[in-house]
Undergrad: 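Attaching a single structure in structure tokens format; questions to follow.
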Amino acid sequence: MRPSTFIPFASLMTAASAQPIESQPTRFDLVAVNEGPVQYRAVSQSASFFYLGKGKGFTDSFCPPKVEKAGHCPPGKDTVLKNAHTLDSVVGGQVIYVDSNYAVRASGPDGRSRETDGDSVKSNNSIDGFKYVPGSQYGTWKYQNDGVDGFLACPYNNGIYQVFVNSPDAKPPRGQKVDSCVSFTAGAFEYDLPANASAAAWQY
Ligand SMILES: *[C@@H]1O[C@H](CO)[C@@H](O)[C@H](O)[C@H]1NC(C)=O
Ligand SMILES: CC(=O)N[C@H]1CO[C@H](CO)[C@@H](O)[C@@H]1O
């Protein structure tokens with residue numbers, strides 16, 4: 001996990017409240033918007049899992065050395081989605097899914113997890129149920145599937161929370177009980193890329 005720059009939430013709000021958001025932006029990032037322990041934290045991907053770290057986040061991304069040498073790496077500092085179930089990366093095809101512990105995960109570009117457990121997106125995992133819902137000031141990233149509605153932030157360590165879907169059967173890290181988790185609302189905010197970039201990261 002790499003901490004990166006903190007962007008004050010107020011600046012996101014100012015940008016977002018300029019006009020009603022009626023349709024899904026080309027790309028967006030996610031911030032917990034409800035009151036509670038994770039308020040204003042960015043949803044950040046690291047090693048296929050999603051976290052609510054402190055400040056702007058812990059996004060873990062990769063850019064090949066060759067591309068870096070040529071000065072063509074995208075920023076790679078923020079976790080950005082190009083639709084409700086796909087990360088915004090140059091390599092593409094990194095889908096967001098729910099694993100058998102009800103943790104929110106992202107696959108590698110070939111549709112497989114980068115983890116050594118070989119968990120593939122197809123085995124008892126679901127990519128259905130994620131959606132972007134427009135709102136008057138910002139959109140919302142939602143999950144609804146199989147009676148499960150919404151997201152949970154479960155304590156991970158050092159004040160960091162891990163993202164799960166809101167199931168009573170979610171298995172938070174280190175054997176913690178699901179009632180140590182809090183539900184949260186994921187606000188979706190349009191994300192602007194630098195002019196010379198085509199995606200927010202090469203690969204997550
Ligand atoms: C865009 O320009 C910046 C500054 O020159 C550079 O660091 C970055 O790698 C460039 N990104 C791309 C995708 O070319
Ligand atoms: C996320 C998910 O769909 N988990 C399911 C995995 O399989 C077990 C056993 O069939 C189900 O109980 C889970 O709901």
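As the structure lists them, so they are numbered: ligands from 1, and atoms in each ligand from 1. Computed from a prediction, not measured in an experiment: that's the story for all the values here.
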Undergrad: Nearest protein heavy atom to atom 11 (N) of ligand 1, by residue and atom, and its distance?
TA: N196 ND2, 3.1 Å
Undergrad: Heavy-atom distance from atom 1 (C) of ligand 1 to the protein below 4.0 Å?
TA: yes
Undergrad: Specify the closest pair of heavy atoms between P173 and P155, including all atoms of both residues, with the distance to one decimal.
TA: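 Residues P173 and P155, closest heavy atoms: CG-O, 3.7 Å.
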Undergrad: Quick one: list whatever passes side chain to side chain contact (heavy atoms under 4.5 Å, CB included) with N158, sequence neighbours left out.
TA: none
Undergrad: Mark whether atom 5 (O) of ligand 1 lies under 4.0 angstrom from at least one protein heavy atom.
TA: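 So far as the 4.0 Å threshold goes, atom 5 (O) of ligand 1 is out of reach of every protein heavy atom.
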Undergrad: Minimum heavy-atom separation for A84 and Q24, please, with both atom names.
TA: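 Scanning both residues completely, I find the closest heavy atoms to be N-NE2, 4.3 Å.
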Undergrad: Any luck finding a side-chain donor-acceptor pair between T79 and S44 under 3.5 Å?
TA: no
Undergrad: Output yes when a protein non-hydrogen atom is found under 4.0 Å of atom 14 (O) of ligand 1, and no otherwise.
TA: yes
Undergrad: Would you mind running through ligand 1 and noting each atom that sits below 4.0 Å from a heavy atom of C73?
TA: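 Taking each heavy atom of C73 in turn, ligand 1 has 8 (C), 9 (O), 11 (N), 12 (C), 13 (C) under 4.0 Å.
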Undergrad: For residues Y138 and F189, establish whether the separation of their ring centroids is below 6.0 Å.
TA: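 Aromatic pair counts; centres sit under 6.0 Å.
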Undergrad: What atoms of ligand 1 come within less than 4.0 Å of a heavy atom belonging to G71?
TA: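 Result: 6 (C), 8 (C), 9 (O), 10 (C), 11 (N), 12 (C), 14 (O).
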